[in-house]
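Here the structure comes first, spelled out in structure tokens, and everything after it is commentary.
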Amino acid sequence: MPRPVRTSAAVRDRILDAAVALLRSDGAEALSQPRVARAAGVSQGHLTYYFPRKQDLVVAVARRGVESIARELSDFFRGDGWPGAAAPERERAAAFVAALVADRERTRLLLSLALRARRDRGLRDLLLRHVAEVRSLLAAGMGRRADDPDVDLTLATLWGLAIRHLLAEDTGADPETADLVHRLFTIDSAKE
């Protein structure tokens with residue numbers, strides 16, 4: 001039986017998928033080349049062919065993770081009815097944002113990347129571009145300009161809730177987090 005042809009793009013994608021999964025589940029300490037190679041089912045030499053330095057792998061993982069998150073947010077917030085949305089759409093948006101905030105793996109991924117970005121200007125620039133895109137999407141959803149201080153306050157509150165939720169793992173914080181996000185959306189709609 002002939003062996004399946006492995007394209008370099010497919011192998012590279014498998015390595016990145018394994019690295020993202022490890023980072024999301026275990027944080028930055030899990031992102032060692034041997035561990036990623038094992039998870040991807042490739043030799044470490046094969047991994048270093050695609051990512052010669054650990055930093056190359058980290059930047060590629062960051063790009064993959066950030067692009068995935070940005071695509072998901074963009075698809076939702078640019079959908080029907082979000083800017084200036086009526087109560088049912090705002091409720092749907094609040095539920096979506098609450099699910100993002102409660103996604104501990106996503107928070108772990110972003111925190112791990114943010115900590116690594118202190119030492120890597122390229123990674124920091126990538127994350128700052130992601131923040132600007134998220135701010136822009138949130139501003140559109142709130143019917144405000146991206147430089148409105150309420151947009152930054154809302155974004156910072158959501159990040160704080162995500163970190164709090166991550167730290168409160170196994171304490172039954174899920175309903176409380178969803179309630180706080182809902183309240184944040186209610187407070188914002190009351191200002192209008």
Side-chain angles (χ1 to χ4, degrees), residues 1-79 96-138 146 152 155-156 158-170 177:
M1 178 181 219
R3 293 177 70 177
V5 177
R6 293 185 189 184
T7 66
S8 62
V11 173
R12 187 176 194 283
D13 285 343
R14 196 167 78 227
I15 292 168
L16 287 174
D17 289 343
V20 168
L22 285 171
L23 194 58
R24 286 178 64 110
S25 66
D26 298 336
E29 62 275 359
L31 206 59
S32 69
Q33 287 182 317
R35 191 163 175 197
V36 172
R38 263 192 316 277
V42 300
S43 69
Q44 187 171 343
H46 211 94
L47 182 139
T48 57
Y49 172 78
Y50 293 99
F51 306 101
R53 299 174 305 142
K54 182 177 178 180
Q55 197 57 32
D56 299 324
L57 177 63
V58 169
V59 170
V61 166
R63 185 167 283 115
R64 164 82 46 108
V66 166
E67 287 170 355
S68 171
I69 292 167
R71 192 171 35 257
E72 186 178 354
L73 290 169
S74 181
D75 289 349
F76 183 85
F77 285 118
R78 290 199 174 115
F96 174 75
V97 171
L100 292 177
V101 166
D103 185 342
R104 289 180 177 98
E105 287 186 350
R106 178 188 311 268
T107 302
R108 194 174 291 114
L109 169 76
L110 291 172
L111 280 174
S112 296
L113 293 173
L115 290 172
R116 291 197 65 89
R118 287 186 9 229
R119 297 183 305 266
D120 183 329
R121 178 117 179 120
L123 180 56
R124 184 178 14 189
D125 291 345
L126 174 68
L127 292 177
L128 288 172
R129 284 192 304 274
H130 174 63
V131 168
E133 185 173 348
V134 169
R135 180 186 296 116
S136 175
L137 291 168
L138 185 59
D152 281 329
L155 187 56
L158 292 171
W159 286 337
L161 287 172
I163 292 168
R164 178 181 172 272
H165 188 79
L166 175 67
L167 295 173
E169 197 165 14
D170 300 327
T177 298

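- Taken to the nearest 0.5 Å, the CG atom of L23 stands 5.5 Å off from the CG atom of L31.
- A salt bridge (charged side-chain N to carboxylate O under 4.0 Å, His left out) check over residues 40-49, counting only residues at least two apart or in different chains, returns nothing.
- The CG atom of L22 sits 11.0 Å away from the CG atom of D17 when rounded to the nearest 0.5 Å.
- With rounding to the nearest 0.5 Å, the separation of CZ in R135 from CG in L128 is 9.0 Å.
- Legend: ring-ring contact (aromatic ring centres under 6.0 Å, His included) pairs involving residues 23-47, not counting sequence neighbours, sorted by first then second residue: H46-Y50.
- Residue pairs meeting the ring-ring contact (aromatic ring centres under 6.0 Å, His included) criterion with at least one partner in residues 99-118, sequence neighbours excluded, do not occur; the list is empty.
- The side-chain hydrogen bond (donor to acceptor under 3.5 Å, both in side chains) check on Q55 picks up R116, D120, with sequence neighbours excluded.
- Within the 4.5 Å cutoff, no side-chain heavy atoms of F51 are placed close to those of V61.
- Contact of the L126 side chain with the H130 side chain is not registered, since no non-hydrogen atoms from C-beta on lie closer than 4.5 Å.
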**OP:** Evaluate the criterion side-chain contact (heavy atoms from CB on, under 4.5 Å) for residue pair V134 and W159; output intermediate values, then yes/no.
**Re:** CA-CA 12 Å; V134 169; W159 286 337; 5.5 Å; no
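- Residues that satisfy the side-chain contact (heavy atoms from CB on, under 4.5 Å) test with A117, not counting sequence neighbours, are L123, R124, L127.
- From R104, atom CZ reaches atom CD1 of I163 across 13.5 Å, with rounding to the nearest 0.5 Å.
- Distance CD/E105 to CG/L110: 12.0 Å, rounded to 0.5 Å.
- For the pair L57/I15, a side-chain contact is recorded, criterion being any heavy-atom separation below 4.5 Å from C-beta on.
- Annotation: salt bridge (Lys or Arg N to Asp or Glu O under 4.0 Å) contacts of R119 (sequence neighbours excluded): none.
- Residues meeting the side-chain hydrogen bond (donor to acceptor under 3.5 Å, both in side chains) test with R108, sequence neighbours left out: none.
- Atoms CG and CG, on L158 and L138 in that order, are 6.5 Å from each other to the nearest 0.5 Å.
- Every residue two or more places apart in sequence or in another chain was checked for a salt bridge (Lys or Arg N to Asp or Glu O under 4.0 Å) with D125, and none qualifies.
- Sequence neighbours left out, the pairs with a member in residues 32-42 that pass side chain to side chain donor-acceptor pair (under 3.5 Å) are D26-R35.
- The two residues A19 and V36 come nearest to each other via the heavy atoms CB-CG1, 3.9 Å.
- Remark: the backbone N or O of A40 is paired with a side-chain donor or acceptor of R14 at under 3.5 angstrom.
- In terms of the side-chain hydrogen bond (donor to acceptor under 3.5 Å, both in side chains) criterion, residue partners of R53 (sequence neighbours excluded) are, by chain and number, D56.
- Scanning for side-chain contact (heavy atoms from CB on, under 4.5 Å) contacts around A21 gives an empty result, with sequence neighbours left out.
- Among residues two or more places apart in sequence or in another chain, the salt bridge (Lys or Arg N to Asp or Glu O under 4.0 Å) test is passed with D13 by R64.
- The shortest side-chain heavy-atom distance between R24 and D103 falls under the 4.5 Å cut-off.
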